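Quick note on labels: first sequence line is chain A, next is B, and so on, each numbered from 1. Please read these numbers as outputs of a predicted model, since none were measured by experiment.
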Protein chains: 2
Amino acid sequence: MEYQEAKEKFINTWGSLGTLWGINKAMAQIQSLLFISTKALSMEDIMKELKISRGNTSMNLRQLMDWGIVTKELIPGERKEYFTTEKDVQELARHIAKERSRREIKPVIKILKEVSSIKDDGTEKTKELIKQTKALHDLAETADAMMNKIVNQEQNWITKSLLKLIK
Amino acid sequence: MEYQEAKEKFINTWGSLGTLWGINKAMAQIQSLLFISTKALSMEDIMKELKISRGNTSMNLRQLMDWGIVTKELIPGERKEYFTTEKDVQELARHIAKERSRREIKPVIKILKEVSSIKDDGTEKTKELIKQTKALHDLAETADAMMNKIVNQEQNWITKSLLKLIK
DNA sequence: ATAAACTTTCAATAATTATTGAAAGTTTAG
DNA sequence: CTAAACTTTCAATAATTATTGAAAGTTTAT
């Protein structure tokens, strides 16, 4: 496999996996491209490389910046803006986990808490609703806490402690 | 909050969270409904409760069965088919994690392996592609292994060992 | 102040994904 | 075997989501 083919394969695969970490295709592809680029890229570069429109590029770059995984880089003497992504996978994972927790998991936990706290009127169906949503609430909370804890450790904590644990 | 409101809130919330675990809205809602139901439900019951068509119900029930989290229950003397979902959250998480790993994560790991194994032609860009995809590959593999290991333990291993660890 | 270089916004449109409903298929009872 | 009871399939349609492109906005150099 040649460089070009490998590159395209990577960008496509990682792009289609976007859903797994909750972002859309273009966003994931832009991030992928920056991730394997040796230098910061301009909007022009990204548009040409991925064959997407200026508007699309602009919007998705903004979202990536909101997620905290892409940053603008001002090159002295240059008028254009250049972009880079976090290159360290561990840091990348940290950012993504943190954002997903904040945007999706925490709000759901809150609602599960509310639902599982309704008054027990003694009927079987109410009891079941309370029991099951409470179980889900506890699971979600544990999973969320775990994820955040794991991901907020210094660099190699994951590989060090956890790999040991699961072996 | 009354039972009916709490129920609807739960089904909607859990349904919209479907994307997080990689299934569509109707699928997630059907599962939610079964999850808090005190008895097995027929297709008719599900259609009426969620206001979705027969075809939709049929297709999504099949997918849920493919995922291994919903099962048919034949009630003696009844002609209709009845459905139940796994009621234990731990088991549910196990099934979901296993399926996601098989369907999405494993295939991506395979491609990352391929891409990171291209011949190093000595250019900077090839070196970068190899380096970064290798890092992602290792991260993905560790995460996948971790998830599977965690989720394949007996009932309370998670809460016991891991909660201790992260505290 | 003006114009060039660049970015953002957003209504229109395209692409994708989900849903319906009715016809075809299957199973069971008699 | 036949009809009733039920489920599945799938082409048509609706709903949702992503993308474009051009006009409006911003910044910088002169």
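- With sequence neighbours excluded, no residue forms a salt bridge (charged side-chain N to carboxylate O under 4.0 Å, His left out) with B:D45.
- The main-chain N or O of B:R54 is never found under 3.5 Å from a side-chain atom of B:S58 such that the two would form a donor-acceptor pair.
- B:I75 shares a hydrophobic cluster with B:Y82; the chain of contacts runs through ILVMFWY side chains whose heavy atoms sit under 4.5 Å apart.
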Pairing of DNA chain C as dot-bracket, 5' to 3': ( ) intra-strand, [ ] crossing, | other strand, . unpaired, with Watson-Crick or G-U pairs under 3.5 Å? ||||||||||||||||||||||||||||||
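- The backbone N or O of B:F35 lies less than 3.5 Å from a partner atom in the side chain of A:Q132, making a donor-acceptor pair.
- If you take CD1 of B:I23 and C1' of C:dA18, they are 14 Å apart, rounded to a whole angstrom.
- Near DNA chain D, meaning a heavy atom under 4.0 Å away, the residues from residues 24-31 of chain A are A:N24, A:A26.
- The side-chain hydrogen bond (donor to acceptor under 3.5 Å, both in side chains) analysis of residues 107-120 of chain A, with sequence neighbours excluded, yields the pairs A:E114-B:K9, A:D120-A:K127.
- For B:Q4, the side chain to side chain donor-acceptor pair (under 3.5 Å) partners are B:E8, not counting sequence neighbours.
- For the segment residues 33-49 of chain B, no residue has any heavy atom less than 4.0 angstrom from an atom of DNA chain C.
- A distance of 8.5 Å separates CD of B:Q90 from OG1 of A:T142, quoted to the nearest 0.5 Å.
- Judged by distance alone, the side chain of B:D144 and the main-chain N or O of B:A140 form no donor-acceptor pair under 3.5 Å.
- Atom OH of B:Y82 is separated from atom C1' of D:dC6 by 11 Å (rounded to the nearest Å).
- For the pair A:K51 NZ and D:dG21 P, the computed distance is 15 Å after rounding to whole Å.
- When rounded to the nearest whole Å, the span between CZ of A:R54 and P of C:dT7 equals 7 Å.
- With A:N56 contributing its side chain and A:I52 its backbone, the two residues share no donor-acceptor pair below 3.5 Å.
- For the atom pair CD (A:E2) and OG1 (B:T126), the distance works out to 8.5 Å, reported to the nearest 0.5 Å.
- Taking the side chain to side chain donor-acceptor pair (under 3.5 Å) definition, one finds that A:K72 meets it with A:E81, sequence neighbours left out.
- Two residues are said to be in side-chain contact when any heavy atoms from C-beta on lie closer than 4.5 Å; A:T133 and B:W14 fail this criterion.
- Between B:I52 atom CD1 and C:dG21 atom P there is a gap of 12 Å when expressed in whole angstrom units.
- Following rounding to the nearest Å, A:N56 (CG) and D:dA22 (P) show an atom-to-atom distance of 15 Å.
- Non-hydrogen atoms lying under 4.0 Å from DNA chain D are contributed by nothing in residues 58-76 of chain A.
- In terms of the salt bridge (charged side-chain N to carboxylate O under 4.0 Å, His left out) criterion, residue partners of A:E128 (sequence neighbours excluded) are, by chain and number, B:K87.
- Of the candidates C:dT20, D:dT7, D:dT20, the closest approach to any side-chain atom of B:E81 belongs to D:dT7.
- B:R94 has no carboxylate O lying under 4.0 Å from a charged side-chain N of B:E86, or vice versa, which leaves the two without a salt bridge.
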How would you summarise protein contacts on nucleotides 24-30 of chain C per nucleotide, using B for base, S for sugar-phosphate only and - for none, with heavy-atom distances below 4.0 Å? ---BB--
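- Its side chain outside the 4.5 Å cluster rule for every partner, A:L74 clusters with none of the Ile, Leu, Val, Met, Phe, Trp and Tyr residues.
- Between the side chain of A:S32 and the main chain of A:A28, a donor-acceptor pair closer than 3.5 Å is present.
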